[in-house]
Amino acid sequence: MAAGGGGGGGGGGGLFAGFRALGRYSGHVPHVLRYHGRHREFYVTTAVGRSVHTYNVKKLGIVAVSNALLQDITCLAADRMLIFASYGDVFHAVARNKEVVHTYKGHKARIHLLQPFGDHVISVDVANVLIVWDIQSEEEYLQVVFDKATFAVSAILHPSTYLNKILLGSEQGGLQLWNIRSNKLLYSFPGWGLGVTTLAQAPAVDVVAVGLVSGHIIVHNIKFDETLMKFQQDWGPITAISFRTDGHPVMAAGSPVGHIALWDLEEKKLISQMRNAHSTAIAGMSFVPGEPLLITNGADNAIRVWIFDGPGGTGRVLRSRMGHSAPPTKIRYHGQNGEQILSAGQDGTLQSFSTVHERFNKSLGRGSINKKKSKKKGLQHDTMALPPITAFASEVAHQSDWDGIVACHQGYITCTTWNYQKTSMGIHKLRPEEFSKNKPVDIYATAVDITSCGNFAVIGMSTGRVDVYNMQSGLHRGCYGKERAHEGSIRGLAVDGLNQLTITAGSEGLIKFWKFKTKDLVHSTDLSSSPSGILLHRDSGILGIAFDDFSISVFDIETRKIVRKFSGHHGRINDMTFSPDGRWLITSSMDCTIKTWDLPSGCLIDCFLLDSAAVSLTMSPTGDFLATAHVDDLGIYLWSNRSLYSLVSLRPLPADYEPSMVILPGTCPLEDVDVAEGEETCDEMIEYDSPEQLGEQLVTLSSLPESRWKNLLNLDIIKKKNKPREPPKVPTSAPFFIPTVPGLIPRYAAPEQENDAQSKVVNIGVLAQKSDFYIHLEEALSTNKYAVPLNVLKDLGPSNIEIELRSLAPEGGGSVEVMLSFLRMIGMMLNKKYNFELAQAYLALYLKLHLKIVSSEPSLLEEVSRLSTQLEETWIHLRTLFNQSLCVLTYMKSALL
């Protein structure tokens, strides 16, 4: 696995960019356990493809993913600060779980052992050369060459408290203790005549456990060269050894078949066996210091943490991270939120991977004929296990009431149901009644589909038979055709979204349409070639058909006609998927390409090449990710749809387009790198800038909002409506002694009247200053260029436009010449046929404000009559076009087609 690149290179615009990988946790390289002093936490590091993954032991959550190396990692070691990872004859030091900080080159053969040693690191290659390196300077400190015939180094250990010393084990069985500083062989242990596979330090000083190819474990005191105890396992060579350090004298030993034996060192006997801890060899095994926790990993893509808290001394799984142990064969998104991907693998399991977080992953288990019997027998001798799933269909409707997944198995007649909510195999085994007792060898299920309501499963057989079953009861609900639906085997089937039609494809080259309920044949279409598979987009009624001659056809189930044909793949088409809106059909082939076809235009719009063919692919229901599974690869890879968040050219690719090779993405999400970088000259990625007017003969509107011109004639009404009411006057406070008029008869004095008779009307013409618009209009009289005053007017709001037009009149500080200039500007707009609605609105307001002046001035009157003729010509032409369009539209709505 490597860090990914963009989509289909510069030519294809890069529709998909590598995002991240799902479902990869461990490989065949033993893990390394590390302690972080500041965090006070243990971390486990594993090699996954070309990257190093770091998980915390507390939750087994992924903490960091290193940058990808050039090749797959074959050996791993770590000290307090750095992780050492090797491939071929080179190894690197990785700091902060992320970036490579040192590279060590000097070996001539593949490195197979690494041992950190204080400020140094020791590496051993298969040519039997041991090199001691200075970590910081990357220089060789010492090189020792061993004779392969007498001492082929197979294991390395730094015994506790042994300063500057290492213990080496050999394929011949002997051990050697070396002082690295003085480059001296201190002692040779004769060994036991059998090859050493692993060395482990016991909790006691001077004591070392030696694992042999025969399955023997020797607990040896290297100070006195004495064997303290000897154990034997019958499962082949010892692959890993670890000791408990929490007060229990227990040693665990791993085997190539996946079993773990637990030995009591005090009583020198076997306590218990942990059978099938992994389905492959135990690659690495380590007890967490001071805790009853054992961490194991294997090539079955699993990390498990076992806790020893029960009676009998055996461990139980506390937490685990596991993916497929064999490559996935079929992947499909489950549900409509685009957060879960169902995956069926060659290991016989059905698993669900979350695109959000690993804690939401589920394993639905392995298919079994009889679950109770297979549990008793165990995995190793499980004759009840079903073959791998070849095809499955799932539906979320009613999945909480009964099983929502149906699957068919390789070369097997019985189809199984699965329950997503219970994360287990379902209760029904779906097969025709006549085969309930005897199982034919050459008849098997080839295709399945489940209705959108989740009530029925439709199953196609290799004999051409198609049956319908009820998902709730598992009962047979009929079959299509008298005996069989097709002469050849069923290559694909689909049910439409409303349970009206069932579509079946046979290897004889026919596609048949059946009534879902009555099982009657409605229509049959003869295809040009034998179909290899079909896929229905239920929302749009579009059927994708892949053929054995590597071509693809798109079929419309409404008109029952082939509407598109695509060719371009040079290998068998493995899988197809539609985009959620049904516009794109994405196909994968054995020619290692993934192609995206645009259905409306009928063109190839994206293509990229991978180093391994995609066996299955599926598009998220939300359209954000494309997920792929590949040949001989355990991971599921997510590709982000770049058209959702960046500018992507969807132009057709040329017929001779050569796709660029793209690397599969890594586990860590990638930031998208814009494909257009470094391609400034590529005209395909330049954003299209629309001109102001497409053609001079076309009537063009402005791009201004309606609020700028629509209400110009009604501004006085709007101002009246918006005018605030007069605020209430505060009554003048009455005096304490009410004044009286002097005289014989006492009378109160009348309040004094305020005298506000002064006029506030100001003659604007006297004070007005010429505005920018007015000045530009004056200049245009001589230059005849009206674009500048028009742009000034377009930038103004409705109120400012009215003020500007009012000020054109002589009483507003203007002149008849400027009024004439304004009319010529409107004439220019009508001539060029752009800003059409603005010309109408401005002219209407102008006439409303200055109608009296226009009627009294001959020059203005002449210009207005000329404008009237222009307006009439343009409007008659427009009205004719509008009427034609309305007529056609009315006919289309009312006519019975």
Side-chain angles (χ1 to χ4, degrees), residues 1-2 4 16 18-28 48-49 278-280 298-303 320-335 338-355 358 360-367 385-394 405-412 416 418 420 423 425 446-448 533 535 572-577 586-590 592 594 610-620 625-639 664-667:
M1 181 169 49
F16 295 103
F19 182 65
R20 62 174 295 209
L22 302 176
R24 298 209 58 185
Y25 301 103
S26 171
H28 66 282
V48 179
H278 288 269
S279 59
T280 59
D300 60 348
N301 197 18
I303 308 170
S320 67
R321 287 275 181 264
M322 55 179 285
H324 284 292
S325 57
T329 54
K330 197 85 169 177
I331 58 172
R332 287 289 179 265
Y333 269 93
H334 181 67
E339 292 179 0
Q340 296 288 343
I341 299 174
L342 282 174
S343 170
Q346 290 177 12
D347 53 1
T349 61
L350 183 65
Q351 300 197 28
S352 171
F353 294 98
S354 169
T355 59
E358 290 161 343
F360 301 121
N361 290 0
K362 295 179 177 183
S363 176
L364 279 74
R366 188 188 174 101
L386 285 170
I389 293 169
T390 54
F392 66 87
S394 71
I405 304 166
V406 60
C408 61
H409 298 260
Q410 187 178 335
Y412 203 72
T416 53
W418 300 74
Y420 186 81
T423 63
M425 194 173 158
T446 57
V448 291
L535 178 71
R572 183 170 66 85
I573 294 164
N574 292 329
D575 204 0
M576 301 181 288
T577 184
I586 305 161
T587 56
S588 68
S589 164
M590 288 306 288
C592 297
I594 293 175
L610 298 158
D611 53 2
S612 63
V615 293
S616 185
L617 78 169
T618 177
M619 187 86 176
S620 164
F625 291 115
L626 173 72
T628 59
H630 297 266
V631 173
D632 293 334
D633 200 308
L634 301 180
I636 294 171
Y637 297 91
L638 293 182
W639 307 82
L664 291 174
T667 307

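On a predicted model such as this, the values are computed, not experimentally measured, just so you know. Nothing fancy with the numbering, it's 1 onward along the sequence.
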Quick check for you: to the nearest 0.5 Å, what is the distance between [X] atom [atom1] and [Y] atom [atom2]?
{"X": "Q351", "Y": "I331", "atom1": "CD", "atom2": "CD1", "value": "13.0 Å"}
{"X": "S26", "Y": "D300", "atom1": "OG", "atom2": "CG", "value": "7.0 Å"}
{"X": "L617", "Y": "I594", "atom1": "CG", "atom2": "CD1", "value": "6.0 Å"}
{"X": "Y333", "Y": "I341", "atom1": "OH", "atom2": "CD1", "value": "4.0 Å"}
{"X": "S279", "Y": "R366", "atom1": "OG", "atom2": "CZ", "value": "8.5 Å"}
{"X": "D347", "Y": "T329", "atom1": "CG", "atom2": "OG1", "value": "9.0 Å"}

Using modelled atom types and a 3.5 Å cut-off, is there a donor and acceptor pairing between side-chain atoms of [X] and backbone atoms of [Y]?
{"X": "S352", "Y": "Q340", "answer": "no"}
{"X": "N301", "Y": "G23", "answer": "yes"}
{"X": "T390", "Y": "C408", "answer": "yes"}
{"X": "H409", "Y": "P387", "answer": "yes"}
{"X": "S588", "Y": "A614", "answer": "yes"}

Which pair of non-hydrogen atoms, one from [X] and one from [Y], has the smallest distance, and what is that distance?
{"X": "G345", "Y": "P388", "value": "O-CB, 3.7 Å"}
{"X": "S616", "Y": "D575", "value": "OG-OD2, 2.8 Å"}
{"X": "A613", "Y": "C592", "value": "N-SG, 3.6 Å"}
{"X": "Y25", "Y": "E358", "value": "CE2-OE2, 3.5 Å"}

Taking it one step at a time, do F16 and I586 satisfy side-chain contact (heavy atoms from CB on, under 4.5 Å)?
-> CA-CA 11 Å; F16 295 103; I586 305 161; 3.8 Å; yes
NZ or CZ of K330 within 45° of F392 ring axis and under 6.0 Å | no
Hey, does [Y] have a side-chain heavy atom less than 4.5 Å from the side chain of [X]?
{"X": "T355", "Y": "L638", "value": "yes"}
{"X": "Y412", "Y": "L386", "value": "yes"}
{"X": "T416", "Y": "I405", "value": "no"}
{"X": "W418", "Y": "I389", "value": "yes"}
{"X": "F625", "Y": "W639", "value": "no"}
{"X": "H630", "Y": "L664", "value": "yes"}
{"X": "S343", "Y": "I636", "value": "yes"}
{"X": "P665", "Y": "F19", "value": "no"}

Would you check, one step at a time, whether the test side-chain contact (heavy atoms from CB on, under 4.5 Å) holds for L364 with T349?
-> CA-CA 7 Å; L364 279 74; T349 61; over 6 Å; no
After noting the C-alpha distance and the side-chain angles of F353 and F360, does the key distance pass the side-chain contact (heavy atoms from CB on, under 4.5 Å) rule?
-> CA-CA 7 Å; F353 294 98; F360 301 121; over 6 Å; no
Begin with the C-alpha distance, continue with both residues' side-chain angles, and end with the deciding distance and a verdict on side-chain contact (heavy atoms from CB on, under 4.5 Å) for T577 and R332.
-> CA-CA 9 Å; T577 184; R332 287 289 179 265; 5.9 Å; no
Might you work through the side chain to side chain donor-acceptor pair (under 3.5 Å) test for N361 and S354, ending with a clear yes or no?
-> CA-CA 5 Å; N361 290 0; S354 169; 4.8 Å; no
Could you tell me how the ring of H334 sits relative to the ring of Y420: parallel (under 30°), tilted (30 to 60°) or perpendicular (over 60°)?
-> tilted
Neighbour count >12 (heavy atoms, 6.0 Å) for atom CD, Q410 | no
